[in-house]
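Just below is one structure, and these are the notes that go with it.
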Amino acid sequence: MTEKEIISLKRRALEHYFRKLNSPQREAVFAVHGPVLVLAGAGSGKTTAIINRIAGMIYFGSAYEKADGNLFPDDQQYLTDYINGSAPEDMGRLRDILAVYPIRPWNILAITFTNKAAGEMKARLTAMLGESEAADVHAATFHSTCVHILRRSISNLGYSNDFTIYDSDDSKRLMKSCISDMNISDKKFPPSAVLNEISSAKDKLISPKELMADSQNDYRKLTIAKLYAEYQSRLKRSNALDFDDLIYLTVRLFEQFPEELEYCQNRYRYILVDEYQDTSVSQFRLIQLLSGRYMNLCVVGDDDQSIYRFRGATIENILSFEHTFPNSRVIRLEQNYRSTQTILDAANGVISHNAGRKEKKLWTDAGAGDKITWYKAADEISEAEYVAKTIVDLVSHGASYRDFAILYRMNAQSNSLERMFIRNNIPYRIYGGIRFYERKEIKDILAYLSVINNPSDSLRFHRIVNEPKRGIGESTVTLIDNISNDLRMSPLDVMRQAESFPVLAKRMAKLKEFSSIMDMLTEKADELPFDQFLDLLLEKTGYKEMLEAQGDEGLTRLENIEELKSSMIEYENESEDPSLSGFLEEVALFTDVDKYEPEQDVVLMMTMHAAKGLEFEQVFLVGFEENVFPGNRAIHSINPSDIEEERRLAYVAITRAKHRLFITSADRRMLFGSTMCNSRSRFLAEINCELIDKQGVSYEPQKQNIGTGSAVLSSLEQQLRQQTAKSQTSTPKIFSPGDKVTHNIFGEGVVLSVSKMANDSLIEVAFDKVGTKKLMANFAKIRKL
DNA sequence: TGTGCACCTGTTTTT
DNA sequence: CAGGTGCACA
């Protein structure tokens, strides 16, 4: 057999092994070396391609690219039989025969943006490769990858490796104190605005000095640069890093310490980046540095799905990949496995109005499917009514609640929908929104743990020193702060030695009391298991007592803390080497406790942004009106690319739907306390009208007489109104707090509160299974037990 | 030092 | 409309 024949046979065997993939997907799997750009349209089996690629690298190495010696006749025979299906798939033997320099799993780095994506990748790798090989692949987010690197080497930059990670709330507090201490007006320089600018500077790898140099004649910029410098020095003093620092400092580390970079380059020889269209300048630089030695870089993304420019993503990274990495291969995945052709045509129609994109056209062989329904409602109430009615109707015809998702542009839009869903007893869940670790009580407890773990963390010290109230007020804390800054000792040390500082004499007893509690806790932190330690902390700090005095709300908060405790226990059980700092790190980077549980049979509501990466049988896109979507900010922006970003968002939203797509607009909408009239969204006009089935009010908007409410209603709407009226006259039900009740969807629960409304009452019920819900007593399918 | 009320201001968000 | 913030007062 010639070498040519060997490689051709082996290639056919490999192609047979990956026969479930389509041909561009296989191309992505086999292109192991060199720079590769995979342009993966929505629903094109991107993750499948990535997983198979990693598996292929580990199983077969460069078998597709290089021949390696001769083939024994019986191996040759086996391959031939395997290809034509007459021999069984013997993985061990296939690997033996085919593999050429198989890649070791720990040499592979797969970077994602969210923990969810990283978790999914891990899970799918485990399913394909098995536990042991999958565990060695480093699949993680940008941020946790950087933490990993920095924990090892950050001492080069003058931080210690037990650094604390600040979240955006911590950053904001720190910035507030910088602003007030530097006597700068927080009216002219709102902390969040300053932080945004600093964050975007860090994203662009601009240091405080560089920003300063760049803004000599601009007072505003100069002030921000000064604040940046101050903020950064305070972070360092607290041995803390904010989210942007994780990337920024890793890049600096690599640039200043080539040996550190080299170590990582050798460790991560094969790099894969998911959602590449969302990378920022600093993330790009990080990738460029890491892949600089071996150039085995595969990036996967879709420029049409870039919707995070507002937080630093530069679409140019993906648009200029081929230019930045010469000799790169570009692979397009355009076959869509998710949606009907109608939905894809709509998406293609919208996105084709954007300039400056890589031309792609999604297609499917799934068939045309149903038309898209456009419903024009009178106002946001009847819009919500339409959505609710349609879902009830489809569910009664065999659909499940979990088939539906409602996507909106702004969180504020969920209100009317929620109310209507509660009325109609449609179980729903808002995905995204308030996050568990952002709750005050959780942040307080975590602050206690942080201070115990890292006493120099003065920001978190501030948070807890007088929480619960223990008579250590603002002025005392300022004194402690000054001393601690002047003498370079931790605030807690200052308290411990309060007697040495005459200014603190008056408050000495209270200060000593607090510091001794913290000392005791610090001592016990290593001895006790997490749950017992947390109980002790709650007890000794008086936090528990404080919550218990707060009644119902305090009880909910205590329950949340219990939840935190269970996640600590979970961490303790699952981690090989559990430690307080390890737990805090996990919490800092893994913000999602409100997990998405697809098993639950509920309708999901979320913003269009939050829907990225998800898919649903039937999707409602609500609020398709000018000034809502696209939003007024984008419409009035001087920069036309803002509209393009909205359009990409529309593209993302449309392509979430597998089978059916409903789009709604309202003639009148109450938003932020005032009513406005908007014409239908321009994105609607960008969809070929033959794909759309129009429903709802058939008159043109009567902008001049808002509020007459006498608009001609469609028959559907009249039906709805009648139904609502009917159910309103059913016998009123009376509940009082403490009543045990049962609901035919939510199960059993206890009434928390009752408030009278017009001719009904709003009751709040704590259900055993689904948590607290607000229900209308007369509408809800609920009865006393 | 702690509390209550008036005022104000509103995209999208992961880490 | 609703939640967060800041300021005045106890």
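All values below were derived from every heavy atom in this structure, side-chain atoms included, with hydrogens, water molecules and symmetry-related copies excluded. Not measured: the values here are computed from a predicted model. In the text below, chain A, chain B and the rest are named by the order of the sequence lines, each starting its count at 1.
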Between C1' of B:dT12 and CZ of A:Arg648, the distance in whole Å: 13 Å
What do you reckon, is CD of A:Glu545 surrounded by more than 12 foreign heavy atoms closer than 6.0 Å? no
How is A:Asn466 classified with respect to the nucleic acid when contacts are heavy atoms under 4.0 Å: base, sugar-phosphate, or nothing? sugar-phosphate
B:dT12 base stacked by A:Phe310? Criteria: ring centres under 5.5 Å, plane angle under 30°. yes
Select base, sugar-phosphate, or nothing to describe what A:Glu646 touches, counting heavy atoms under 4.0 Å on all strands. base
Sorted by chain and number, sequence neighbours left out, side chain to side chain donor-acceptor pair (under 3.5 Å) with A:Ser515 holds for none
Under 6.0 Å between ring centres, would you say that holds for A:His353 and A:Phe683? no
Under a 4.0 Å threshold between the charged nitrogen and the carboxylate oxygen, would A:Arg309 count as salt-bridged to A:Asp278? no
Aromatic ring pairing A:Phe624/A:Phe629, orientation class (parallel under 30°, perpendicular over 60°, tilted between): perpendicular
Of the listed B:dT1, B:dT15, B:dT13, the closest approach to the A:His609 side chain comes from B:dT13
Residue-phosphate contact under 4.0 Å: A:Thr476 side-chain N/O, B:dT1 OP1/OP2: yes
When you look at NZ of A:Lys204, are more than 12 heavy atoms from neighbouring residues, nucleotides or ligands closer to it than 6.0 Å? no
With respect to the side chain of A:Lys469, which nucleotide from B:dG2, B:dT15, B:dT1 is positioned closest? B:dG2
Separation of B:dT15 atom C1' from A:Tyr166 atom OH, nearest Å, is 17 Å
Can you check whether A:Asn115 has a side-chain N or O nearer than 4.0 Å to OP1 or OP2 of B:dT14? no
How many Å lie between CG on A:Leu671 and P on B:dT9, as a whole number? 17 Å
Judged by whether its glycosidic angle lies within 90° of 0, B:dT11 is syn
Whichever of A:Ser144 and A:Gly631 has its nearest DNA chain B nucleotide further upstream toward 5': A:Gly631
Per the side-chain contact (heavy atoms from CB on, under 4.5 Å) rule, which among A:Ile247, A:Val273, A:Thr250, A:Asn317 passes with A:Gln283? A:Ile247
Expressed as a whole number of angstroms, how long is the span from A:Asn196:CG to B:dT13:C1'? 11 Å
Assuming nearest nucleotide by heavy-atom distance, tell me which of A:Thr141 and A:Ile307 is located more 5' along DNA chain B. A:Ile307
Separation of B:dT14 atom P from A:Tyr308 atom OH, nearest Å, is 6 Å
In terms of side-chain geometry, is the basic nitrogen of A:Glu513 or A:Lys510 positioned less than 4.0 Å from the acidic oxygen of its partner? no
Counting only side-chain heavy atoms from C-beta out, which of B:dG10, B:dT15, B:dT13 sits nearest to A:Phe672? B:dG10
Atom-to-atom span, CG of A:Asp278 to P of B:dT12 - whole angstrom: 18 Å
Which is true for A:Ser168 with a 4.0 Å heavy-atom rule: it touches a base, it touches only sugar-phosphate, or it touches nothing? base
Where does the chain A footprint on DNA chain C start and end, counting 5' to 3' with a 4.0 Å heavy-atom cut-off? C:dC1 to C:dG6
Within the structure, does a side-chain N or O atom of A:Asn411 lie under 4.0 Å from either OP1 or OP2 of B:dG10? no
Length of the line joining A:Asn639:CG and B:dT11:P, which is rounded to integer Å: 20 Å
Distance in angstrom units between A:Tyr408 OH and B:dT12 P, rounded: 10 Å
